Amino acid sequence: MWHWKGSSSSAPLPAAALHKPVVAHMRLIPAVSAGSTPLPIASAVAAVSARGPSRRVGVAANAMPSSSSSPPPPFAEETTAAAAGFRLTEPSFLESLMPKKEIAVDRFLAAHPQYDGRGALIAIFDSGVDPAAAGLQSTSDGKPKILDVIDCTGSGDVDISKVVKADDDGSIVGASGNCLIINSTWKNPSKEWHVGCKLVYELFTGTLTSRLKKERKKKWDEENQEAISEALNQLNEFEKKHSKLDDTKLKMAHEDLQNRLDYLRKQAEGYDDRGPVIDIVAWHDGDVWRVAVDTQGLEGNKNCGKLADFVPLTNYRLERKFGIFSKLDACSFVANVYNDGNLVSIVTDCSPHATHVAGIAAAFHPNEPLLNGVAPGAQLISCKIGDTRLGSMETGTGLIRALIAAVEHKCDLINMSYGEPTILPDYGRFIDLANEVVDKHRIIFISSAGNNGPALNTVGAPGGTSSSIIGVGAYVSPAMAAGAHCVVQAPAEGMEYTWSSRGPAADGDLGVSISAPGGAVAPVPTWTLQSRMLMNGTSMSSPSACGGVALLVSAMKAEGIPLSPYTVRKAIENTAALISDVPEEKLTTGHGLLQVDRAFEYAQKAKELPLVSYRLSINQVGKSSLQC
């Protein structure tokens with residue numbers, strides 16, 4: 001998959017970097033290493049402010065500079081900034097980290113503050129959203145932000161069909177063979193405990209696993225070195241005490257001490273950390289299924305991670321609670337029980353991508369409103385379609401399960417920042433079901449167009465090649481270039497990122513429907529050990545557009561305007577702002593840059609028009625029927 005392009009360098013980037021951004025493909029190459037220390041936002045603001053009133057980050061000429069390395073003349077920034085009338089201030093810097101002005105969110109919310117996404121439910125089809133991430137706990141009106149967290153791939157499934165009963169002392173034998181103590185306060189009328197186990201590394205991303213292996217290896221090396229020192233001291237003391245080894249028993253004792261020392265030294269060479277095993281126990285408390293996890297092996301401390309100390313979980317949609325494996329990994333997880341207690345799904349994310357996407361669409365930061373997502377009042381469900389076992393690649397089964405979940409939860413919108421190239425547009429089982437979800441269940445489906453530009457015919461599936469799905473291209477404004485990307489000479493006018501995929505599709509369709517900001521500093525999972533991260537790509541423009549449409553949905557619901565995917569699509573496409581006057585650029589930008597306020601005005605005026613969508617079938621001689 002190719003929809004995620006991320007950059008994390010804290011050094012100022014040349015303007016050419018917006019042509020060729022640092023690429024972090026979705027195969028689990030993170031935009032920022034989990035162990036790195038991000039630049040705090042407050043520090044970044046201070047750095048910008050420290051430039052002083054006479055040295056603002058400037059704007060260059062009308063187009064992005066080429067890759068030439070020639071340095072700009074002294075104070076060129078000030079001259080170009082004055083000429084273009086653009087100045088990067090502290091507020092505009094913060095706004096550039098989560099761009100919303102570009103799609104007129106500020107104007108819309110100033111006129112309609114209550115239509116901030118309230119009443120809109122978005123399904124995030126992605127790598128799994130972290131419910132513990134910053135800004136994803138509640139909506140602007142105090143409701144839970146994430147209503148459900150589902151693993152549609154089965155990568156976290158644990159077989160717990162084995163049933164055991166506790167001994168008189170309240171202990172059971174787990175699936176791993178470990179003795180587990182049951183908390184006496186847990187209610188279990190049947191006295192039956194379902195047990196299973198899992199290698200914890202199978203639940204983690206490659207990045208997190210690598211970090212844990214390094215930290216565990218460091219601790220193991222320290223303990224092993226202590227053991228070597230102790231064995232060496234014992235051998236030295238023995239040799240001092242027994243200078244002559246005449247007795248057979250003394251020879252054997254000396255040989256044993258030497259062998260122990262040699263083994264300790266040798267085992268460091270063959271160290272291999274396959275990861276600890278965690279025990280999972282489930283039971284029915286008379287009302288719901290409960291799950292507890294024993295993580296003593298992961299903690300490395302017998303007094304931590306005990307099963308009896310775990311706060312039991314149930315299916316996330318019922319109580320919206322999650323657990324943390326250990327302080328070492330800081331990885332949150334959700335437990336869902338299926339098949340009458342015979343299967344537990346341990347849901348973790350397979351990359352930071354989904355959490356970042358969800359944050360752009362709907363994060364709510366009550367103390368940092370400039371960093372709110374586009375629709376802070378909207379609610380979410382997380383449908384994990386990226387399979388951890390496949391390095392975050394999606395599968396057909398996962399996609400179909402996600403569509404079913406979106407329908408069951410009666411979602412208003414779907415955002416899918418996933419995709420890949422395809423030969424046949426508008427084709428396949430998933431596309432057929434997506435059409436049904438849009439046409440029959442009236443769900444607005446938004447997806448990224450792809451990052452394979454600037455060549456023609458590079459839009460990918462499903463965002464750029466499916467008639468019922470709104471494909472979104474990636475736009476960069478002067479503020480985003482100067483602020484989020486630290487470009488010294490930013491463009492004087494907004495433009496499409498050059499790597500944003502272009503149409504037309506193979507069947508002649510435009511390919512890109514609309515454009516939206518294609519970069520942001522947004523929340524990431526807790527296991528990354530940082531709160532936010534910069535990523536850019538059409539993966540980011542899609543949730544930006546989705547959040548904007550959520551505002552429109554919120555307003556239309558509140559004012560009783562008939563709502564359908566067709567009316568919404570007409571509204572956003574017919575009111576989009578032109579990004580370029582060059583006709584062929586429409587293949588890159590689509591109908592233009594989303595404008596939420598104008599789209600709502602259009603919807604208000606068009607509310608009396610019938611909700612009709614036409615689909616034509618064309619039969620060609622010698623070929624199967626085609627749909628337009």
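None of these values were measured; they are calculated from a predicted model.
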Please list, one pair per line, the donor and acceptor atoms closer than 3.5 Å that link side chains of residues 95-103 to other protein atoms, with sequence neighbours excluded.
from	atom 1	to	atom 2	distance (Å)
Ser96	OG	Phe93	O	2.6
Ser96	OG	Ala484	N	3.4
Lys100	NZ	Met98	O	3.4
Lys100	NZ	Leu370	O	3.1
Lys100	NZ	Asn372	O	2.8
Glu102	OE1	Lys100	N	3.4
Glu102	OE2	Ser477	OG	2.6

In a table with atom names and distances, give each donor-acceptor pair under 3.5 Å that connects a side chain of residues 542-552 to protein atoms at least two apart or in another chain.
from	atom 1	to	atom 2	distance (Å)
Ser542	OG	Asn415	OD1	2.7

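For the pair Thr395/Leu390, a side-chain contact is recorded, criterion being any heavy-atom separation below 4.5 Å from C-beta on. Taking 4.5 Å as the limit, some side-chain heavy atom of Glu420 sits within range of a side-chain heavy atom of Glu394. Residues Lys570 and Val568 fail the side-chain proximity criterion, which asks for heavy atoms closer than 4.5 Å. When side chains are defined from C-beta on, Arg401 does not count as touching Thr153, because their heavy atoms never get closer than 4.5 Å. Looking at heavy atoms from C-beta onward, Thr465 lies in side-chain contact with Val459 at the 4.5 angstrom threshold. Within the 4.5 Å cutoff, no side-chain heavy atoms of Gln379 are placed close to those of Lys145.
One finds a salt bridge joining Glu368 and Arg532 here, because a Lys/Arg side-chain nitrogen approaches an Asp/Glu carboxylate oxygen to under 4.0 Å.
The line from OG1 of Thr355 to CG of Asp349 is 5.0 Å long, rounded to the nearest 0.5 Å. Ser554 OG to Tyr115 OH: the interatomic distance, rounded to the nearest 0.5 Å, is 8.0 Å. Summarising the geometry, atom CD1 belonging to Ile470 is positioned 13.0 Å from atom OG belonging to Ser448; distances are rounded to the nearest 0.5 Å.
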Before giving the answer on side-chain contact (heavy atoms from CB on, under 4.5 Å), spell out for Tyr566 and Asp439 the whole-Å C-alpha distance, their side-chain angles and the decisive distance to 0.1 Å.
CA-CA 9 Å; Tyr566 325 121; Asp439 296 338; 3.3 Å; yes
Starting from the C-alpha separation in whole Å, work towards a yes-or-no answer on side-chain contact (heavy atoms from CB on, under 4.5 Å) for Tyr418 and Ile385.
CA-CA 9 Å; Tyr418 256 60; Ile385 61 170; 4.0 Å; yes
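In the model, Asn452 has no side-chain atom that pairs as donor or acceptor with a side-chain atom of Ser501 under 3.5 Å.
In terms of the side chain to side chain donor-acceptor pair (under 3.5 Å) criterion, residue partners of Ser564 (sequence neighbours excluded) are, by chain and number, Thr567. Residues satisfying the side chain to side chain donor-acceptor pair (under 3.5 Å) criterion with Thr526, sequence neighbours excluded, are Asp130. With sequence neighbours left out, the side chain to side chain donor-acceptor pair (under 3.5 Å) criterion links Ser515 to Glu496. When the side chain to side chain contact (heavy atoms under 4.5 Å, CB included) test is applied to Leu433, the partners found at least two apart in sequence or on another chain are Ile400, Leu403, Arg429, Glu436. Residues meeting the ring pair (Phe, Tyr, Trp, His ring centres under 6.0 Å) test with Phe108, sequence neighbours left out: His112, Phe600. Looking at residues two or more places apart in sequence or on another chain, you find a side chain to side chain donor-acceptor pair (under 3.5 Å) between Arg569 and Ser513, Glu573. Checked against side chain to side chain contact (heavy atoms under 4.5 Å, CB included), Ala363 has the following partners two or more places apart in sequence or in another chain: Leu136, His365, Pro523. Listed by chain and residue number, Tyr497, Trp499, Ser500, Thr538, Ser541 satisfy the side chain to side chain contact (heavy atoms under 4.5 Å, CB included) test with Ala474 (two or more places apart in sequence, or in another chain). Applying the salt bridge (charged side-chain N to carboxylate O under 4.0 Å, His left out) test to Asp387 and every residue at least two apart in sequence or in another chain returns Arg389.
Legend: salt bridge (charged side-chain N to carboxylate O under 4.0 Å, His left out) pairs involving residues 578-590, not counting sequence neighbours, sorted by first then second residue: Arg502-Glu585.
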